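Take a look at the structure set out below.
In this text the structure is predicted, and so the values were computed from the model without any measurement. Quick note: residue numbers are just sequence positions, from 1.
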Amino acid sequence: MWRRQAVNGASVSIRLLTARFHPKIIMSRKLHARRIEGIDKNIWVEFTQLAAHYKPVNLGQGFPDFSPPSFIQEAFCKAVNGGVHMHQYTRGFGHPALVKILAKFFSRIVGQEIDPMEDVLVTVGAYQALYCTFQALIDEGDEVIIVEPFFDCYQPMVKMAGGTAVYVPLKPREREGSGQATSSAEWELSPEELKSKFTPRTKAIVINTPNNPLGKVYLREELQMIADLCIKHDVVCISDEVYEWLTYDGTKHVKIASLPGMWERTVTIGSAGKTFSATGWKVGWAIGSDLILKHLKIVHQNSVYHCATAAQEAVAVGFQREYDVFGTEESYFQQLPAHLNEKRLRLADCLRSIGLNPIIPQGGYFMIADISNLEVDLTDPSTKDEPYDSRFVKWLIKEKGLATIPVSAFYSPEHRENFQKYIRFCFVKEDSTLKAAEVILREWSDRK
Ligand code: IK2
């Protein structure tokens with residue numbers, strides 16, 4: 001049905017969406033593909049909407065609320081003003097300047113000659129690098145081992161690729177007496193348990209170091225144990241290292257791709273968003289042997305094809321600068337973790353002072369804390385079927401004006417029920433934001 005209506009002074013015909021045009025009525029077949037069934041809920045969609053509605057102090061989603069360093073902002077402005085070619089398509093698998101410097105930079109770290117044109121793929125954030133990897137490597141019936149807790153998109157991406165996720169947990173080490181773990185270093189993989197998850201159908205394992213949400217940074221020995229299993233069972237390792245520069249207390253990040261025999265079977269995933277505190281730019285990459293990367297490129301060329309030229313140019317300039325000052329005090333890769341360490345300690349002090357038991361992260365953007373000591377009357381009927389941490393977090397947003405993220409979202413649907421007692425705080429925030437969060441938490445604690 002059509003109706004005439006005035007729009008900006010002109011009379012136009014508007015099509016009214018009546019029942020006659022409703023898809024439910026005109027389509028007799030189901031509209032969605034089976035591969036997207038059961039993955040409709042998304043923690044970031046849900047909590048971003050809640051944050052937009054209630055405008056809480058936001059220690060929820062992992063993005064800095066401070067500016068990226070001036071050298072990279074200037075590089076972006078220069079790129080945008082850099083002539084017509086900065087506004088047009090560049091090389092689909094990655095802007096030449098960016099793949100060249102990524103290859104040069106990471107060759108030095110991995111200890112392997114990385115070919116910029118063959119071994120690097122630039123993507124729309126680490127998200128798309130993960131998506132290309134799963135789509136390119138996983139077949140119907142393949143199993144993918146995922147270490148829990150894990151960045152939530154791994155499981156739906158494995159499902160969309162037709163694979164089956166098999167989970168193995170990081171568990172807090174048993175302590176003498178009744179004390180709980182206080183550091184992410186105490187969360188470990190059991191070698192026996194991990195070994196038991198490998199079957200003839202295992203195609204890949206996904207690890208994330210430093211880990212989101214826990215902050216665990218895998219030791220070389222732990223990575224060697226994983227590497228040995230990958231080699232023994234001829235399995236690919238997908239190593240999500242988006243927080244690679246953010247380690248604390250002298251903890252060293254080790255790339256599993258740098259271990260003997262692992263370059264050929266590892267896809268390493270990175271993010272310029274996390275590297276340069278510019279998450280909105282959505283520039284990421286996958287690096288690995290061309291024997292694997294060529295398959296990711298097929299997915300990329302037939303889906304996204306290309307990423308924003310000016311943003312890639314700016315990231316290239318940023319990496320060139322970091323290459324030149326690597327290992328010096330001028331390096332952003334040294335300055336950022338030092339700066340974030342203060343925020344990490346500050347948040348930990350605050351959480352302890354109100355009786356929470358934070359798990360101190362060795363790396364990354366986040367700190368999780370046990371909320372089981374907190375007595376809260378969660379009577380909101382709209383959340384009654386949700387895990388306890390999710391109900392708690394919604395209550396905290398609505399009643400106290402503070403946003404965090406429930407840690408059960410980083411567990412598989414099968415295991416979520418057993419992990420409802422932690423919430424995740426992002427400490428990569430301005431001091432004023434952390435201060436506002438402290439005021440809320442302390443006032444609440446004083447009133448209890
Ligand atoms: N991999 C991990 C481990 C990530 O944490 C992220 C970004 N997560 O941020 C949201 C949050 O946890 O609050 C990504 C991949 C995706 O990175 P990118 O933004 O480059 O796509």
| task | Scan residues 367-406 for pairs that pass ring-ring contact (aromatic ring centres under 6.0 Å, His included), counting only residues two or more places apart or in two chains. | result | Phe392-Trp395, Trp395-Trp444
| task | Indicate whether any N or O donor in one side chain lies under 3.5 Å from an N or O acceptor in the other, for Glu143 and Thr199. | result | yes
| field | salt bridge (Lys or Arg N to Asp or Glu O under 4.0 Å) partners of residues 263-284, not counting sequence neighbours, each pair once | value | Asp234-Arg265
| task | Sort and list the pairs that fulfil salt bridge (Lys or Arg N to Asp or Glu O under 4.0 Å) and have at least one residue in residues 39-58, not counting sequence neighbours. | result | Glu46-Lys394
Does [X] reach the side chain of [Y], with side-chain heavy atoms less than 4.5 Å apart?
X	Y	value
Val147	Asn208	no
Ile292	Thr266	no
Pro358	Leu347	no
Ile205	Leu194	yes
Ser353	Arg442	yes
Leu223	Ile207	yes
Leu336	Ser277	yes

| said: Quick check on side-chain contact (heavy atoms from CB on, under 4.5 Å): which of Glu188, His415, Glu193 does Pro169 satisfy it with? | reply: Glu193
| said: One pair to check against salt bridge (Lys or Arg N to Asp or Glu O under 4.0 Å): Asp324 and Arg321. What are the steps and the verdict? | reply: CA-CA 5 Å; Asp324 296 340; Arg321 177 200 185 268; over 6 Å; no
Once you round to the nearest 0.5 Å, how far does [atom1] of [X] lie from [atom2] of [Y]?
X	Y	atom1	atom2	value
Leu441	Asp446	CG	CG	11.0 Å
Asp249	Ile360	CG	CD1	9.0 Å
Asp370	Thr182	CG	OG1	12.5 Å
Tyr248	Ser184	OH	OG	10.5 Å

Quick check: closest heavy atoms across [X] and [Y], and the distance to 0.1 Å?
X	Y	answer
Ala403	Asn58	CB-OD1, 3.6 Å
Leu296	Ala286	CD2-CB, 3.7 Å
Leu189	Leu170	N-CD2, 3.7 Å

Sub-3.5 Å donor-acceptor pair from the side chain of [X] to the main-chain atoms of [Y], do we have one?
X	Y	result
Thr90	His95	no
Thr209	Asn211	no
Arg424	Ile405	no
Thr404	Val393	no
Gln362	Thr247	no
Ser331	Gly327	no
Lys203	Leu137	yes
Asn341	Pro337	no

| Would Phe319 and Phe276 count as a close aromatic pair, with their ring centres under 6.0 Å? | yes
| task | Would you please name every residue forming a salt bridge (charged side-chain N to carboxylate O under 4.0 Å, His left out) with Glu244, sequence neighbours left out? | result | Lys255
| query | With sequence neighbours left out, what residues match Lys343 under salt bridge (charged side-chain N to carboxylate O under 4.0 Å, His left out)? | reply | Asp431
Hey, can you pull the donor-acceptor pairs under 3.5 Å for the side chains in residues 126-136, sequence neighbours left out?
residue : atom : partner : partner atom : Å
Gln128  : OE1  : Val124  : N            : 2.7
Gln128  : NE2  : His300  : ND1          : 2.8
Thr133  : OG1  : Ala129  : O            : 2.6

Listed by chain and number, what are the ring pair (Phe, Tyr, Trp, His ring centres under 6.0 Å) partners of [X], not counting sequence neighbours?
X	value
Phe410	none
His233	Phe198
Phe419	Tyr411

| task | Begin from the C-alpha positions of Ser239 and Glu241 and carry the test side-chain hydrogen bond (donor to acceptor under 3.5 Å, both in side chains) through to its verdict. | result | CA-CA 6 Å; Ser239 187; Glu241 302 181 14; 2.6 Å; yes
| task | Give the intermediate values and the outcome of side chain to side chain contact (heavy atoms under 4.5 Å, CB included) for residues Leu229 and Lys195. | result | CA-CA 7 Å; Leu229 287 167; Lys195 216 181 285 174; 3.6 Å; yes
| task | Give a yes or no on whether Glu37 atom CD has more than 12 heavy-atom contacts from other residues, nucleotides or ligands under 6.0 Å away. | result | yes
| message | If you count every heavy atom of other residues, nucleotides or ligands that lies below 6.0 Å from Glu417 atom CD, does the total exceed 12? | response | no
| request: Output, in order, the C-alpha distance, side-chain angles, deciding distance and verdict of side chain to side chain contact (heavy atoms under 4.5 Å, CB included) for Lys232 and Asp228. | output: CA-CA 6 Å; Lys232 179 170 173 205; Asp228 290 345; over 6 Å; no
| field | Intermediate values then yes/no, side chain to side chain contact (heavy atoms under 4.5 Å, CB included), Ile114 and Trp263 | value | CA-CA 10 Å; Ile114 298 175; Trp263 164 253; 3.8 Å; yes
| task | Test Cys307 against Val283 for side chain to side chain contact (heavy atoms under 4.5 Å, CB included), laying out the working first. | result | CA-CA 7 Å; Cys307 311; Val283 175; 5.8 Å; no
| Do the rings of Trp187 and Tyr422 sit parallel, tilted or perpendicular, given the 30° and 60° boundaries? | perpendicular
| task | Sorted by first residue and then second, give each side chain to side chain donor-acceptor pair (under 3.5 Å) pair with at least one member in residues 214-223; sequence neighbours left out. | result | Lys216-Glu222
| field | side chain to side chain donor-acceptor pair (under 3.5 Å) contacts in which one or both residues fall within residues 149-167, not counting sequence neighbours | value | Trp44-Asp152, Tyr154-Asp240
| task | Using a strict 4.0 Å threshold on nitrogen-to-oxygen distance, state whether Glu438 and Arg346 make a salt bridge. | result | yes
| request: Start with the C-alpha distance between Trp245 and Phe105, add both sets of side-chain angles, then the distance that settles ring-ring contact (aromatic ring centres under 6.0 Å, His included), and finish with yes or no. | output: CA-CA 13 Å; Trp245 303 110; Phe105 195 97; 5.8 Å; yes
Under 3.5 Å, which donor-acceptor pairs link side chains of residues 61-73 to any protein atom two or more places apart or in another chain?
residue : atom : partner : partner atom : Å
Asp65   : OD1  : Glu430  : N            : 2.5
Asp65   : OD2  : Thr433  : OG1          : 2.5
Gln73   : NE2  : Pro68   : O            : 2.8

